[in-house]
Amino acid sequence: MTDQYTFDNPVTRYETISPDAELQQEQPGIEKRIDPRPDLGESTYRGSGRLTGRKALITGGDSGIGGAVAIAFAREGADVAISYLPVEEEDARHIVELVEAEGRTAVAIPGDVMDAAYCRDLVAKAVDGLGGLDILINNAGKQLAVESLEDISDEQFDQTYKTNVYAMFHITKAALPHLKAGSTIINTTSIQAYTPSPNLVDYASTKAAINTFSKALSQQLAPKGIRVNVVAPGPIWTPLQATGGQPPEALPTLGQDTPLGRVGQSAELAPAFVFLASSESSYVVGETLHVNGGMPTP
Ligand code: NAD
Ligand code: MG
């Protein structure tokens, strides 16, 4: 593959990987040490000015889907602020370097999105560092598979909701005063909102909440010219999955039950976010764009 426009077979565009059935690291995990190394489109994403001059904040922008989106946005001409946990500094540096290599501004703002005060501070620092804000991507997420409901600790339930749902509320609320007409908000949900797995009861229900939060907010903000949309990934090879998001025994065949027969790469998510962020999707509001290898959704 030369770039994302190369005409080829999506079944074989990326090889079918079979990671070892082992927990690779504790969460959140460092992408640099994930085996095999996930593809964020570092050597393939080609920009064409679709987000020229835009200013984007991407949570969880250090790795995985958020990292791929940060690279793509910079190559499309946007300045980018990323949030991530302090322990992920190494991955964040990789993304910052790639954004700056495009001649764009990169603002790195480490912190814990479970903390409402940090969420507000994050937006303030992003606005300050970028000189404004017109794209918000709520993408940070926590997913920890647990077989039985009795074994989901109160602490995990709290953390999953705070990371996936509360942070989206606090960050969006803080961002709204800065978003003028033409701005876009994109939230990352999941196939889990539609076909929830028995071992992801807490996580799957947060993803349903993200969907409905987004659809309601899209109705509220559309008259103001601010569009809210959602991207729903299927199984994507990221740190989230290799660090307990899936039980280790599921890793060797992850994504092989999709019609494309393979796991997706974060690089394959970026174009969906670029489309929804740019004005080319001007009449697309409250939509969920599925990027899941062909798994049917209602
Ligand atoms: P990832 O591990 O690369 O990204 C998740 C990021 O969330 C981390 O890098 C981290 O920076 C951030 N994060 C987690 N807890 C945080 C906290 N308390 N404070 C601040 N940041 C925190 O994995 P990913 O798969 O790219 O995940 C991105 C999004 O995609 C998540 O919302 C996830 O639910 C969603 N998603 C992933 C898949 C998949 O198969 N990988 C499928 C559907 C949806
Ligand atoms: Mg990370």
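Whatever order the structure lists ligands and atoms in, that order sets their numbers, starting from 1.
Shown here is Y283, whose OH atom has no more than 12 heavy atoms of other residues, nucleotides or ligands within 6.0 Å.
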| request: For the pair E42 and H94, evaluate side chain to side chain donor-acceptor pair (under 3.5 Å) and give the outcome as yes or no after the intermediate values. | output: CA-CA 10 Å; E42 289 98 328; H94 173 61; 3.0 Å; yes
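Using a 4.5 Å cut-off on side-chain heavy atoms (C-beta onward), M168 and F213 make contact. For the pair Y194/M295, no side-chain contact is recorded, criterion being any heavy-atom separation below 4.5 Å from C-beta on.
Within the sub-2.8 Å shell of the Mg ion (ligand 2), the protein contributes these N/O/S atoms: D62 OD2, S63 OG, E88 OE2.
Ligand 1 lies under 4.0 Å from heavy atoms of G60, D62, S63, G64, I65, Y84, L85, E88, G111, D112, V113, M114, N139, A140, G141, T163, T188, T189, S190, Y203, K207, P233, G234, P235, I236, T238, P239, L240, Q241.
With no hydrogens or angles considered, no side-chain donor-acceptor pair links Q24 and D35 at under 3.5 Å. At a cut-off of 3.5 Å, with distance as the only test, no side-chain donor of T59 or N138 sits close to an acceptor on the other residue.
Between K55 and D134 there is no salt bridge, since none of the side-chain N atoms of the basic residue sits less than 4.0 Å from a carboxylate O of the acidic one. Looking at E90 and R33, a side-chain N of the basic residue comes within less than 4.0 Å of a carboxylate O on the acidic one, giving a salt bridge.
Between the Q156 side chain and the S153 main chain, no donor and acceptor come within less than 3.5 Å of each other.
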